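First the proteins, then the strands, lettered A, B, ... as listed; each starts at 1. In this text the structure is predicted, and so the values were computed from the model without any measurement.
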Protein chains: 2
Amino acid sequence: MVLSDKQLQILETAEKLFASKGFDGTSVRDIAEEAGVNLAMISYYFGSKLKLMEAIFEKRSMNVRERVDHLLQNSALEPMDKMYLLVDEYISRVMEKQQFFKIMLCEQVVNKNPVIIKLINELKFKNAESITRLIKDGQKRGAFKKNIDVVFMMSTMIGTITQVMISQDYYREFHNLQSLSDEQFDTHIKKKLGTYIKTIFKEILSYEG
Amino acid sequence: MVLSDKQLQILETAEKLFASKGFDGTSVRDIAEEAGVNLAMISYYFGSKLKLMEAIFEKRSMNVRERVDHLLQNSALEPMDKMYLLVDEYISRVMEKQQFFKIMLCEQVVNKNPVIIKLINELKFKNAESITRLIKDGQKRGAFKKNIDVVFMMSTMIGTITQVMISQDYYREFHNLQSLSDEQFDTHIKKKLGTYIKTIFKEILSYEG
DNA sequence: CAAAACTAAACAAACGTTTAATTAAATCAA
DNA sequence: TTGATTTAATTAAACGTTTGTTTAGTTTTG
């Protein structure tokens with residue numbers, strides 16, 4: 001699906017508002033006004049509010065699998081280093097597309113919309129597949145332990161990152177980082193979080209503990 | 001605030017519906033019908049839909065601090081064992097009050113309602129305080145490392161548990177546990193998750209790694 | 001018999017979507 | 001290139017529902 005500038009603007013505005021006020025908390029009129037387009041244009045382009053949401057998911061779901069696979073095939077890296085790459089990739093993705101991940105989180109909880117739930121589960125499944133493949137490879141090569149719970153590992157990764165994302169302000173206050181610029185803080189928290197999760201993953205995956 | 005049977009039923013129905021359809025996705029009429037009360041009774045008892053939500057938070061926030069403190073003072077346990085107790089307490093709380101934690105999660109993301117956000121932050125702050133105290137005690141007694149990031153630790157605990165909770169069905173399918181009864185599965189996942197998080201915490205907190 | 005509990009009906013406002021009319025852009029024979 | 005004609009884009013207004021809340025009246029309770 002190829003999108004015009006106006007369609008893109010509607011999509012981005014909708015993503016922003018859905019993230020900050022929820023799907024049901026955002027009216028089509030809100031989106032139209034904030035995007036600076038006529039109310040009817042949204043139905044005209046996307047059909048309905050629900051299909052607008054689906055369009056957001058379609059846009060954000062594109063190429064996810066490809067990027068991860070490219071990351072993991074690419075090199076002759078050790079399994080653990082590949083896992084570290086994956087962690088950094090995940091952190092970047094969540095922090096850069098915060099709005100989308102907020103929407104995903106709420107939609108998973110509310111799970112009112114079967115179409116969206118299906119899209120989310122597909123994304124999850126693809127991720128689980130990539131990670132499972134990586135873990136099995138690591139186990140074959142003797143770098144990783146046996147008996148690793150992939151679902152728990154994924155839950156820790158996405159759960160920790162998401163929690164940190166939605167409580168960034170709290171983190172900033174707690175560690176007295178108000179003096180940093182937004183950009184500096186973003187870099188800081190990404191780096192710290194990366195190191196932290198890698199430590200955990202090293203413990204979970206490797207023998208030496 | 002003392003609540004009559006009818007008020008309690010409204011509150012419980014609202015909690016259930018808010019969790020499964022979201023605050024804005026649930027109408028006051030939905031709640032009234034499901035609770036089997038007249039529409040006007042909700043305004044009569046609680047004033048408004050929003051205050052109904054606040055009443056849910058008030059009810060669920062009661063005694064949280066007391067319970068945690070009692071858990072931690074109580075015994076002559078090692079710091080690490082106290083932390084393990086806390087992990088189990090957290091898992092039980094989230095799994096038993098799933099609906100409320102779903103609501104909390106969405107409200108944090110959407111953060112449209114300042115009153116609710118304030119209540120959530122108070123809860124978070126109390127928890128952070130208790131954990132910080134426990135960690136400092138453990139450090140003083142030489143059982144815990146220095147340089148422990150409490151916010152990250154809390155994010156891992158609550159984030160992992162929450163993720164596992166909202167993707168229970170996925171976990172059940174992934175591990176082929178459909179033969180277990182709901183109750184058996186609940187016991188199983190709580191135990192596994194407890195062991196898993198404790199392993200992580202041991203690595204984060206203790207010297208031996 | 002006064003206070004509390006409860007009800008059906010009504011309220012205005014907001015909702016997602018559609019309509020009918022208008023303007024802009026693209027297509028194309030001359 | 002011109003002017004005619006079709007297609008796409010855009011608009012204000014209206015549609016019928018649903019929304020949260022209130023009202024005015026009735027029943028129940030202490």
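- For A:Tyr44 and B:Asn38, each mapped to the nucleotide of DNA chain C holding its nearest heavy atom, the one lying further toward the 5' end belongs to B:Asn38.
- The interatomic distance linking A:Asp24 (CG) with D:dT18 (P) rounds to 15 Å, in whole Å.
- A:Met41 has its CE atom 15 Å from the C1' atom of C:dT19, to the nearest Å.
- Shown here for B:Asn147 and B:Gln139, the closest heavy-atom pair between the two residues is N-NE2, 4.1 Å.
- Taking atom CG of B:Asp30 as the reference point, atom P of C:dC15 lies 17 Å away to the nearest angstrom.
- Close to C:dC15, at under 4.0 Å from its OP1 or OP2, lies a side-chain N or O of A:Ser27.
- Of the residues A:Leu134, A:Leu85, A:Asp88, the one that meets the side chain to side chain contact (heavy atoms under 4.5 Å, CB included) test with A:Leu71 is A:Leu85.
- Residue whose closest nucleotide on DNA chain C sits further toward the 5' end, between B:Lys6 and B:Leu39: B:Lys6.
- Summarising the geometry, the separation between CD on A:Glu33 and P on D:dT11 is reported as 14 Å, rounded to the nearest angstrom.
- Rounded to a whole Å, the CG atom of B:Asp5 is 11 Å from the P atom of C:dC6.
- Remark: A:Tyr45 is in phosphate contact with D:dT10, judged by side-chain N or O atoms under 4.0 Å from OP1 or OP2.
- Looking at heavy-atom distances under 4.0 Å, A:Ser43 makes contact with a base.
- Summarising the geometry of B:Lys82 relative to B:Gln73, their closest heavy-atom pair is NZ-O, 4.4 Å, with the distance given to 0.1 Å.
- When the P atom of C:dT18 is taken as reference, atom CD1 of A:Ile42 falls 13 Å away, rounded to whole Å.
- C:dA9 atom C1' lies 11 Å from atom CZ of B:Arg29, rounded to whole Å.
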* To do: Give the C-alpha distance, both sets of side-chain angles, the deciding distance and a yes or no for side-chain hydrogen bond (donor to acceptor under 3.5 Å, both in side chains) between A:Tyr196 and B:Thr156.
  => CA-CA 10 Å; A:Tyr196 169 74; B:Thr156 294; 2.5 Å; yes

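- Defined by atom type and a distance below 3.5 Å, a donor-acceptor pair is present between the side-chain atoms of A:Gln98 and A:Gln168.
- The side chain of A:Ala40 has D:dA12 as its nearest neighbour among D:dT21, D:dA12, D:dT10.
- At a threshold of 4.0 angstrom between heavy atoms, the contacts of A:Ser4 with the nucleic acid are absent.
- Comparing atom distances between the A:Ser48 side chain and each of C:dT17, C:dC15, C:dC6 picks out C:dT17 as nearest.
- The CD1 atom of B:Ile10 sits 14 Å away from the C1' atom of C:dT7 (whole-angstrom rounding).
- B:Phe46 comes within 4.0 angstrom of no nucleic acid atom, judged by non-hydrogen atoms across all strands.
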